[in-house]
Trainee: 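Okay, here's the structure, questions in a sec.
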Number of protein chains: 2
Amino acid sequence: MQETASVQRGAQARVAHQLRARITQGNLMPGAVLSESALAQEFGVSRTPIREALKQLQTEGMVVIKPRVGTFVSAPSRLEINELFEVKEILEGAAARLFAARGNIPELELLRENVRRSDEAVAAGDLDRFVALVHEYHDLIITGAGNSKLTQHYRTLMNQLLYSRFVHMSLRRSGRAPQSDHEHQSILQAIEARDGVTAERLMRDHVRASQQALMDVLNFDGAEHRLSGPTSPAP
Amino acid sequence: MQETASVQRGAQARVAHQLRARITQGNLMPGAVLSESALAQEFGVSRTPIREALKQLQTEGMVVIKPRVGTFVSAPSRLEINELFEVKEILEGAAARLFAARGNIPELELLRENVRRSDEAVAAGDLDRFVALVHEYHDLIITGAGNSKLTQHYRTLMNQLLYSRFVHMSLRRSGRAPQSDHEHQSILQAIEARDGVTAERLMRDHVRASQQALMDVLNFDGAEHRLSGPTSPAP
DNA sequence: TTGACACATCTTGCATGCATCATTAGCCTC
DNA sequence: GAGGCTAATGATGCATGCAAGATGTGTCAA
């Protein structure tokens, strides 16, 4: 379901992949309007593949199609963000538990390496690098659970959360990077000890802490307008 | 994301809803081919809304579209079924825990009523009625968790599992109905006691038991051919 | 000035037609 | 007779055109 190989896969798949990237990377703000004809012109295809791509993104929860009105980038409310984080906590906690139960799998060494590099990045104050490593860390945890369906649902969830954007905001502005890195270490230790119960508990704490940090940042910013900015600049 | 109000919602939504129903209710066997033109003729619309509906079902995981070849009802492998059950266990266990934490919500009385009726149905040997009540029970647990995103992902998961069909097979052929009913009672008691930890554990046990029952039935049947039957009868 | 109403405009929803590619049946060759 | 090749067939992928509905604006009346 996730786009892996994207070479020569038809216009519709290309468009969907591109739009997903733009939304998660923040090039398209929540609330922004996605005009079929404009996208068709931009991508050099007709409206049909654009429509199909938008439909797909809708069922993935990244855009909302108002019939006869238009398509808009999802602007999750505060409540929805909290709900999504609750599900994230559930899935990721379970993934940590499953990972621990699997013992010495290839992902374990990758996770160790990831934590090593994260320590360096934090020590060097390289936040951009740390953000990238955070993504890799959570991805390793999920894939290390060895359940492709869990991975699928998790990826969809992260898209719905627009997580990439949030983790960026949160880590850059809350000063939580060292704490987050430390929590990653603790979870890794529990996994290395094959202590699934502890790994799950620590991971759930970690997710809640990052959620709290994000909420603090959002509240501090006043923020709602920052999440669902106006479609077009004021005249 | 789930079709709730389906009146006058455009051809595409109608078609998607219809096809979902046919697949989950078993009118369309896994592996069956869904021809765009045939469906277009049957529904009295053009291929366009059919295509969009199929695309949507694909991202929901209920059908597989082979480019330039055709669309087929998903035929989950044994491995995929087990993976999906693992996710089911995670989500539903968490839902039971969250439900218990919410205390005296409207769903609790509905759950009590459901268990009462289930007892009656089992006592009367009315399996069809019990199957319907089982669906309602699990739906109440999920909605009672009070997290709409959790509900969304759960519904999608059940569609991917073709759960409706499986629970039917499993309960009808394993003789597990009384045991299942008893487990429902125990979970309810834990929820009533607001013991989230126990509710989660019991629910996870319950899901695993139903998974095991299904696997036994599948193995006993020889079964793979029963899951992904041939597209067309042999000549 | 404010309110409602009608209309122009822009959007998507759907129908239709053509191009492209996978499949398969038949034929030819070995 | 078996295997490979070719062409017909049927499917989907995409382009385009038209229709229906929603939104915003301008006008008119109170």
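The chains referred to below are lettered A, B, ... by the order of the sequence lines, with proteins before strands, and numbering in each begins at 1. Worth knowing before you read on, the calculation uses all heavy atoms, side chains too, and leaves out hydrogens, waters and symmetry mates.
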Trainee: Indicate, with a heavy-atom threshold strictly under 4.0 Å, whether B:L54 touches base, sugar-phosphate, or nothing.
Mentor: nothing
Trainee: Check whether any side-chain heavy atom of A:H135 lies under 4.5 Å from a side-chain heavy atom of A:S164, and answer yes or no.
Mentor: yes
Trainee: In this structure, how many angstroms lie between the P atom of D:dC14 and the CD1 atom of B:I65, rounded?
Mentor: 11 Å
Trainee: So that I can tick it off, tell me whether B:E200 and B:R97 are bridged by a salt bridge, with the cut-off set at under 4.0 angstrom between side-chain N and carboxylate O.
Mentor: yes
Trainee: Using a strict heavy-atom distance below 4.0 Å, which residues from residues 43-53 of chain B are in contact with DNA chain C?
Mentor: B:V45, B:S46, B:R47, B:T48, B:P49
Trainee: Would you find a donor on one side and an acceptor on the other, under 3.5 Å apart, between the side chain of A:E80 and the backbone of A:S77?
Mentor: yes
Trainee: How would you give the extent of chain A contacts on DNA chain C, as first and last nucleotide 5' to 3' within a 4.0 Å heavy-atom cut-off?
Mentor: C:dT11 to C:dG13
Trainee: Within the side chain of B:R176, is there an N or O that forms a donor-acceptor pair under 3.5 Å with the backbone of B:S170?
Mentor: no
Trainee: With heavy-atom distances below 4.5 Å as the criterion, would you say the side chains of B:H206 and B:H184 are in contact?
Mentor: yes
Trainee: Could you tell me if the side chain of A:E42 sits less than 4.5 Å from the side chain of A:L39, heavy atoms only?
Mentor: yes
Trainee: When you measure only distances, ignoring hydrogens and angles, does the side chain of A:R68 come within 3.5 Å of the base of D:dA20 through a donor and an acceptor?
Mentor: yes
Trainee: Show the atom names and distances, to 0.1 Å, of all donor-acceptor pairs under 3.5 Å that link a side chain in residues 23-31 of chain A to residues at least two apart or in another chain.
Mentor:
{"residue": "A:T24", "atom": "OG1", "partner": "A:R20", "partner atom": "O", "Å": "3.0"}
{"residue": "A:T24", "atom": "OG1", "partner": "A:A21", "partner atom": "O", "Å": "3.2"}

Trainee: What residue among A:K55, A:E52, A:Q12 forms side chain to side chain contact (heavy atoms under 4.5 Å, CB included) with B:R51?
Mentor: A:E52
Trainee: Would you classify B:S35 as touching base, sugar-phosphate or nothing, given that sugar-phosphate means primed atoms plus P, OP1 and OP2, and contacts are heavy atoms under 4.0 Å?
Mentor: sugar-phosphate
Trainee: Tell me: NZ of A:K55 to C1' of D:dG13, nearest whole Å?
Mentor: 17 Å
